[in-house]
Colleague: 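Quick one: structure below, then a few questions.
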Amino acid sequence: MADRALKDIGPVVLIGAGKMGLALAGGWIAAGLPANELVLVDPNASEAAHQFAERTGVRLVGSADGVLVAVLVLAVKPQVMLSVLGDLQPVVGAHTLVISIAAGISLAAISAGLETQRVVRAMPNTPAQVGKGTTGAVAGPGVRPADRDIADALLRAAGDVVWFDDEAMIDAVTAVSGSGPAYVFHFVEALAAAGVRQGFSEEQAMRLARQTVIGAAALLEADPSPAATLRQNVTSPKGTTEAALGVLMGPNGLTSLMEKTVMAAKLRSEELGR
Ligand SMILES: NC(=O)c1ccc[n+]([C@@H]2O[C@H](COP(=O)([O-])OP(=O)(O)OC[C@H]3O[C@@H](n4cnc5c(N)ncnc54)[C@H](OP(=O)(O)O)[C@@H]3O)[C@@H](O)[C@H]2O)c1
């Protein structure tokens, strides 16, 4: 955050204490949001939500009725969002900054549902659960610079945040970083399957593949060099890696496959948003 601390932003109310909501809430408490400034709203809260509330001292309630709200964070499933917005209208006013993380729900739909233009739309990804998320965000027309700082601080508590001017880019964010962790998990599966073909047991192959990705990700994190440089660093001329990359980087290799993969996700994201 540029110049404001999470402790000064006023009551934050999280609607939907599910997987992503609790991941965000955990990040906020760790980043210094006082427990008495956070309220979780979930009419059918899970065991995990109750445990979170007990552990942190945060209030968990079944409805937002009568709750004071400075920042409203919407983390319910897209399917229930429109009816949730209707219920929330009485607690939202000109004093409220709204942040939605729901896939496919546009700024216009949230603004219409809550009758405010002070809305930020964000798309986080699941590594937010371990504080290593990547979030794409876009601000609605009523969002002031100070609002953006608050939204940035809240989203940044779960990892990196990239802001866009054009809301249409959120579909591309969904396709690259939103769905991206699944691509990496599948890469681990594919590498392990190739290992099994070389004679490893499934357990051995999965252990080698999984730890290779964890280790490579840690190297990426530790070394700011471009990924291409890190790749070149492990590719000696005429060596084994060079032979492998001749296949992976060849015609119809990973780059064109990834382009098709991302395009499929983006088209589906656009479709769901209609
Ligand atoms: N998971 C991801 O990777 C990811 C990534 C980016 C964005 N998102 C977005 O994040 C949002 C939440 O996803 P999630 O995976 O965290 O889903 P989730 O685990 O199902 O969490 C949603 C929570 O909201 C609760 N809820 C339902 N109706 C409610 C209401 N009227 N008021 C308050 N809470 C209510 C649900 O309770 P019940 O279970 O009883 O219905 C559930 O606890 C979605 O919009 C999704 O698009 C998720």
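Read the numbers this way: they start at 1 and go in the same order the structure lists the ligands and their atoms. Counting from 1, the numbers follow the sequence of the chain as shown.
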Colleague: Which residue and non-hydrogen atom of the protein lie closest to atom 32 (N) of ligand 1, and at what distance in Å?
Modeller: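 Looking at atom 32 (N) of ligand 1, the protein heavy atom closest to it is Pro43 CD, 3.3 Å.
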Colleague: Does the residue Pro124 have a heavy-atom contact with ligand 1, meaning some pair of atoms that are separated by less than 4.0 Å?
Modeller: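 So Pro124 counts as touching ligand 1.
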Colleague: For the residue pair Glu189 / His186, report whether a side-chain donor-acceptor contact shorter than 3.5 Å exists.
Modeller: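 Per modelled atom types, His186 and Glu189 side chains form a pair under 3.5 Å.
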Colleague: Within the structure, does Met20 bring an N/O atom to less than 3.5 angstrom of an N/O atom in ligand 1?
Modeller: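 So ligand 1 has an N or O lying under 3.5 Å from an N or O of Met20.
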Colleague: Would you tell me which option among Pro78, Ala49, Gly18 has the nearest heavy-atom contact to atom 21 (O) of ligand 1?
Modeller: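 It is Gly18 that holds the nearest heavy atom.
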Colleague: Only heavy atoms of Val84, strictly under 4.0 Å: list the atoms of ligand 1 that pass.
Modeller: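 Under 4.0 Å from Val84, ligand 1 has these atoms: 30 (C), 31 (N).
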Colleague: Within 4.0 Å of atom 17 (O) of ligand 1 (strictly less), any protein heavy atom?
Modeller: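 Within 4.0 Å of atom 17 (O) of ligand 1, protein heavy atoms are found.
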Colleague: Could you name the option among Asp42, Leu24, Leu22, Thr174 that has the heavy atom nearest to atom 36 (C) of ligand 1?
Modeller: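 Residue with the shortest heavy-atom distance to the ligand atom: Asp42.
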Colleague: How long is the gap from CG on Leu272 to CD on Gln79, to the nearest 0.5 Å?
Modeller: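 If I round to the nearest 0.5 Å, the distance is 9.0 Å.
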Colleague: Please work out whether any backbone atom (N, CA, C, O) or any side-chain heavy atom from C-beta onward of Ile101 is under 4.0 Å from ligand 1, and answer side chain, backbone, both or neither.
Modeller: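 The part of Ile101 near ligand 1 is both the backbone and the side chain.
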Colleague: Within 4.0 Å of atom 3 (O) of ligand 1 (strictly less), any protein heavy atom?
Modeller: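 Yes.
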Colleague: Nearest heavy atom to atom 35 (C) of ligand 1 wins, so pick from Val80, Leu40, Leu88, Val76.
Modeller: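 Selected option, by shortest heavy-atom distance: Val76.
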Colleague: Protein non-hydrogen atoms only, distance under 4.0 Å: does atom 38 (P) of ligand 1 have such a neighbour?
Modeller: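 Under the 4.0 Å cut-off, atom 38 (P) of ligand 1 has no protein heavy-atom neighbours at all.
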Colleague: If we set the cut-off at 4.0 Å for heavy atoms, which region of Met123 has an atom near ligand 1: side chain, backbone, both, or neither?
Modeller: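 The answer is the side chain.
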Colleague: Determine, for Arg156 against Asp160, whether the closest basic-nitrogen to carboxylate-oxygen distance falls under 4.0 angstrom.
Modeller: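 Yes, charged N to carboxylate O under 4.0 Å.
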Colleague: Thr135 side chain to Ala122 main-chain N or O, any donor-acceptor pair under 3.5 Å?
Modeller: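 Side chain of Thr135 to backbone of Ala122: no pair is present.
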Colleague: Looking at atom 24 (O) of ligand 1, what's its closest protein heavy atom, distance included?
Modeller: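 Nearest neighbour among protein heavy atoms for atom 24 (O) of ligand 1, to 0.1 Å: Gly16 CA, 3.3 Å.
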Colleague: Taking only non-hydrogen atoms of Gly178, do any sit less than 4.0 angstrom from ligand 1?
Modeller: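 Contact check Gly178 vs ligand 1: negative.
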Colleague: Which protein heavy atom lies closest to atom 22 (C) of ligand 1, and at what distance to 0.1 Å?
Modeller: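 The closest one turns out to be Ala75 O, 3.6 Å.
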Colleague: So with a 6.0 Å cut-off around CZ of Arg231, is the heavy-atom count from everything else above 12?
Modeller: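 Check passes, neighbour count above 12.
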Colleague: Go through ligand 1 atom by atom and flag the ones less than 4.0 Å from a non-hydrogen atom of Ile15.
Modeller: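 Those of ligand 1 that fall under 4.0 Å from Ile15 are 32 (N), 33 (C).
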Colleague: Counting heavy atoms only, which of Gln79, Lys77, Gln129, Lys19 is nearest atom 20 (O) of ligand 1?
Modeller: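 The nearest heavy atom belongs to Lys77.
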Colleague: May I ask you to decide whether Glu167 forms a salt bridge with Arg121, counting only side-chain N to carboxylate O separations under 4.0 Å?
Modeller: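 Judged by the 4.0 Å cut-off on N to carboxylate O distance, Glu167 and Arg121 do form a salt bridge.
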Colleague: Does Gln89 use its side chain to pair, donor to acceptor, with the backbone of Gly86 at less than 3.5 Å?
Modeller: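 The answer is no, because no donor-acceptor pair under 3.5 Å joins these two groups.
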Colleague: Determine whether a donor-acceptor pair (N or O, by modelled atom type, separation under 3.5 Å) exists between the side chain of Asp152 and the backbone of Asp149.
Modeller: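 Pair absent, no side-chain N/O of Asp152 close to backbone of Asp149.
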Colleague: Determine whether more than 12 heavy atoms belonging to other residues, nucleotides or ligands lie under 6.0 Å from atom CE of Met263.
Modeller: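 Atom CE in Met263 is not crowded, with 12 or fewer foreign heavy atoms closer than 6.0 Å.
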Colleague: Report whether Val67 and Leu85 are members of the same hydrophobic cluster (ILVMFWY, side-chain heavy atoms less than 4.5 Å apart, transitive linking).
Modeller: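 Yes; tracing contacts between hydrophobic side chains, which count when under 4.5 Å, links both residues.
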Colleague: I'd like to know if Lys238 and Glu242 make a salt bridge, using a cut-off of under 4.0 Å between side-chain N and carboxylate O.
Modeller: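 Judged by the 4.0 Å cut-off on N to carboxylate O distance, Lys238 and Glu242 do not form a salt bridge.
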Colleague: Can you tell which part of Ala103 has a heavy atom less than 4.0 Å from ligand 1: side chain, backbone, both or neither?
Modeller: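 The answer is both.
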Colleague: Please confirm whether Asn44 comes within less than 3.5 Å of ligand 1 when only nitrogen or oxygen atoms on both sides are compared.
Modeller: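 Such a contact does occur with ligand 1.
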Colleague: Check whether Thr241 reaches the backbone of Val234 with its side chain - one donor and one acceptor, N or O, closer than 3.5 Å.
Modeller: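 Answer holds: yes.
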